[in-house]
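In what follows, a structure is listed as structure tokens, so that the remarks can point back to it.
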Amino acid sequence: FFSVPPWHCTMVVSGCKGIVNALGENNCFLNVVIQSLWHTSAFREAFKGHCAEHPRCDAASPCFVCALHDIFCSFEHTEDPAV
């Protein structure tokens with residue numbers, strides 16, 4: 001994913017973003033859930049508050065919160081329509 005300093009994201013929606021559904025990965029349903037959470041402002045704001053209190057994990061094996069944070073940062077900081 002796009003490399004952003006830990007917990008540096010404001011989680012502000014900057015256009016419509018999506019996640020690439022590579023052929024054969026069978027993760028399109030998970031991608032829909034992640035994209036829906038990103039586009040739900042109440043969830044994004046609550047998640048942003050939780051991230052402020054959550055300790056950052058090791059990048060080699062991130063927990064769910066850290067992985068979702070990284071995806072959200074990718075949405076925010078890339079100009080690409082899909083990450």
Side-chain angles (χ1 to χ4, degrees):
F1 288 110
F2 191 75
S3 178
V4 175
W7 310 128
H8 181 67
C9 297
T10 59
M11 295 192 193
V12 175
V13 174
S14 57
C16 294
K17 304 288 177 149
I19 299 174
V20 174
N21 293 307
L23 184 63
E25 288 188 1
N26 299 318
N27 57 3
C28 57
F29 293 104
L30 178 58
N31 291 349
V32 167
V33 171
I34 292 170
Q35 292 170 72
S36 297
L37 293 174
W38 168 252
H39 288 287
T40 304
S41 58
F43 178 84
R44 238 184 11 264
E45 287 302 312
F47 185 73
K48 180 180 172 182
H50 179 74
C51 286
E53 299 173 6
H54 182 77
R56 186 73 180 163
C57 295
D58 178 11
S61 58
C63 70
F64 174 78
V65 172
C66 294
L68 187 58
H69 177 268
D70 291 347
I71 293 169
F72 281 4
C73 285
S74 295
F75 283 161
E76 181 181 349
H77 290 285
T78 187
E79 296 297 321
D80 296 333
V83 293

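For the numbers below, each heavy atom of this structure counts, side chains included, while hydrogens, waters and symmetry mates do not.
One finds the CD atom of Gln35 at 10.5 Å from the SG atom of Cys28 (value rounded to the nearest 0.5 Å). Between atom CD of residue Glu76 and atom CH2 of residue Trp38 there is a gap of 5.5 Å, rounded to the nearest 0.5 Å. Taking NE2 of His54 as the reference point, atom CZ of Phe64 lies at 10.5 Å (rounded to 0.5 Å).
For Asn27, the side-chain contact (heavy atoms from CB on, under 4.5 Å) test picks out Asn21, Glu25, Asn31, with sequence neighbours left out. Qualifying side-chain contact (heavy atoms from CB on, under 4.5 Å) partners for Leu30, counting only residues two or more places apart in sequence or in other chains: Ile34.
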Practice task
With side chain to side chain contact (heavy atoms under 4.5 Å, CB included) as the test, would you mind laying out the steps for Cys51 and Lys48 before giving the verdict?
Solution key: CA-CA 5 Å; Cys51 286; Lys48 180 180 172 182; 5.7 Å; no
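The shortest non-hydrogen separation linking Phe75 to Val83 is CE2-CG2, 3.5 Å. Cys66 and Pro55 make their closest contact through SG-O, 4.1 Å (heavy atoms, listed as atom of the first residue, atom of the second, distance).
Hydrophobic clustering keeps Val32 apart from Val20 (ILVMFWY residues linked when any side-chain heavy atoms are closer than 4.5 Å, directly or through intermediates).
The aromatic rings of Phe47 and Phe43 lie parallel to each other, their planes meeting at an angle below 30°, with 60° marking the opposite boundary.
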